[in-house]
Amino acid sequence: MTTAEKQPLEEPPSPADHQSNAPEMMSGAALVMRALADLKVEVIFGYPGGAVLPLYDELFRQSKIKHILVRHEQAAVHAAEGYARASGKPGVVLVTSGPGATNAVTGITDAMLDSIPIVVLTGQVATHLIGNDAFQEADTVGITRHCSKHNYLVKESDQLAHVIFEAFHVATSGRPGPVVVDLPKDIQVDPAPYKRPNGVSHRTYRPQVKGDRALVEKAVAMLAGAKKPIIYSGGGVINAGPQASDALRRFARTTGFPVTSTLMGLGAMPASDPQFLGMLGMHGTYEANMAMHACDVMLCVGARFDDRVTGRVDAFAPHATKIHIDIDRSSINKNVPVHLGIVGDAGHVLEDILALWEDRKKTPLEGDHKRWWAEINGWRDRKCLAFEQSGPVILPQHAIARLHSLTKDRAPIISTEVGQHQMWAAQYFGFEKPNHWLTSGGLGTMGYGLPAAIGAQLAFPDALVIDIAGEASIQMNIQELATATQYRLPVKIFILNNEYMGMVRQWQELTYESRYSESYSDSLPDFVKLAEAYGWTGLRITDASRLDDMIQTMIETPGPVLVDCQVAQLENCFPMVPSGAAHNEMILGPEDISAPLSSDAQALV
């Protein structure tokens, strides 16, 4: 007998062993729920319909994931955005096919422009009906192709697990954004294999996180030679996580450079910091826009040179050497040509710049530094945000300033709708921390604020969450009052009610010789009674002497509260860079306007 013959034969694997190594089979709907749970999803915002009933049946069978029933699919996406923006976690949406998906498109586009990580699960008719104009069929993939970061139509059940995990990877990595997963009804019903992937990546999507070392060294050399430097911070710093905001603050304090911010970047640098010049752009501060115009070296981090920041592009920071750090390669040189572009995560690149700067032990010449700050402080002395509250009529600026003063100790999370009130909130509500400012920047979506506040409140149940609204915008998704009531969310709404679509009226005054075509908000509801009808507490403020007391009452009242703060009707939002003007050609107040703005500037209104 040979040696080989003496060896014991290896027993064949038992059926049980084979079964334990094989992927578990379950319905597609059960698989989706299992995958979401494994991805640590805690909340889904959605609205049921026929094409997603298998998913809703699985929701009923489980207890790990909380579902929030909104009253409109657009609100579901905005709520997911608010949740994501406040918590840093991806938001999740579940809507049905056809009108459910198309109602979500505004929110998807909003998330795309503001780089908010959300995954939108949409129902679809069965695969054999696609293209037959079946009931509630829409080409969701085609419709969302240009307003989502990526989208999928799942046609094979064995691809379902991979697609769900990959969707979350794509939504949260690199430049965040919305990802749509279209799920035909038969795919939700058919059995599918589930095995949690060990690692997930996309076949072609490989975002660059670390900046090129040679380019970082070049950036440090440029900054070290600056006499009039400025740091221009955008929403990308906040999207990159708290470490990026921390790196921005440390770099600013180490160098002594002034910092300005886009609308979406507020909070990355504390508003109270003496190095912070405030927001720049169309309704930015005089000192921020003038410093940007006069700077000789600009470090742009996580911003995209939006037209509301640059004004006329050929006149934007004309003497500056421009350095642009962005995770999205396509954003560099897209709107404004730059001298040095660094592709990478804002936090990583700022840390590298800070380390090299400290190694060089190089700071700007003390005399040059002092002269630059003296020039900036001269612009600050213009006090461009000053106002005078006198008499009983409430100025909107005063209302926001008092709201900030009376709530700042609570570090509230603030959302807004879109319009004048949004700009006044950005100007007068000082944000000390990232992720406390939720607003629609790129798309400018009226109706964003209330559902976003609901999402943030779900992320932080004990936080003070306030939606600063206008009487026109709040009505765009007013039905979500019911959502807050149902889930006992103590959201507060603070309406600046001037009975106009304020920003539209302001442009009509300045550009169209005060022809207020359809901008007056006629037939407004009684907001107090409306709030009470939905189970909220309703308050009204009509006199400046009552403002502080009523704000305090709003804060102290348990549960959801709506405040109708009636403010001066014809107050305009200044400073203002007119469309078509350079960013240093600012109107600081009514006294700067001698005639209506040129109609040549109307294209960008």
Problem set entry | Polar side chain donor-acceptor pair, Asn477 to Glu417, under 3.5 angstrom | no
Problem set entry | Residues forming a side-chain hydrogen bond (donor to acceptor under 3.5 Å, both in side chains) with Gln243, sequence neighbours excluded | none
Seminar exercise, completed: Heavy-atom closest pair (Gly235 atom, Thr262 atom, distance to 0.1 Å) is N-OG1, 3.8 Å
Pairs under 3.5 angstrom only: tabulate donor-acceptor contacts from the side chains of residues 557-564 to other protein residues two or more places apart or in another chain.
| residue | atom | partner | partner atom | Å |
| --- | --- | --- | --- | --- |
| Thr557 | OG1 | Thr553 | O | 2.6 |
| Asp564 | OD1 | Asn497 | ND2 | 3.1 |
| Asp564 | OD2 | Arg540 | NE | 3.4 |
| Asp564 | OD2 | Gln566 | NE2 | 3.4 |

Exercise. Distance from Leu588 atom CG to Leu385 atom CG, nearest 0.5 Å?
Worked result: 9.5 Å
For this session: Any salt bridge (charged side-chain N to carboxylate O under 4.0 Å, His left out) involving residues 383-411? Give me the pairs, sequence neighbours left out, ordered by first then second residue.
Result: Arg402-Asp548
Exercise. Under the ring-ring contact (aromatic ring centres under 6.0 Å, His included) test, which residues partner Trp424, sequence neighbours left out?
Worked result: none
Problem set entry | Donor-acceptor pair between Thr416 and Thr439 side chains, under 3.5 angstrom | yes
For this session: Would you kindly say whether Glu351 and His348 are connected by a side-chain donor-acceptor distance under 3.5 Å?
Result: no
Exercise. For residues Gln486 and Thr483, is any side-chain donor paired with an opposing acceptor at under 3.5 Å?
Worked result: no
Exercise. NZ of Lys228 to CZ of Phe257: how many Å apart, nearest 0.5 Å?
Worked result: 14.5 Å
Exercise. Any idea how Phe431 and Trp437 line up, ring-wise: parallel (<30°), tilted (30 to 60°), or perpendicular (>60°)?
Worked result: tilted
Exercise. Without hydrogens or angle criteria, can the side chains of His78 and Gln74 be said to hold a donor-acceptor pair below 3.5 Å?
Worked result: yes
For this session: Not counting sequence neighbours, which residues clear side-chain hydrogen bond (donor to acceptor under 3.5 Å, both in side chains) with Glu287? List them please.
Result: none
Exercise. Within a reach of under 6.0 Å around OH of Tyr47, are more than 12 heavy atoms found that belong to other residues, nucleotides or ligands?
Worked result: no
Seminar exercise, completed: side chain to side chain contact (heavy atoms under 4.5 Å, CB included) filter on Ser115, not counting sequence neighbours, yields Arg175, Pro176, Asn239
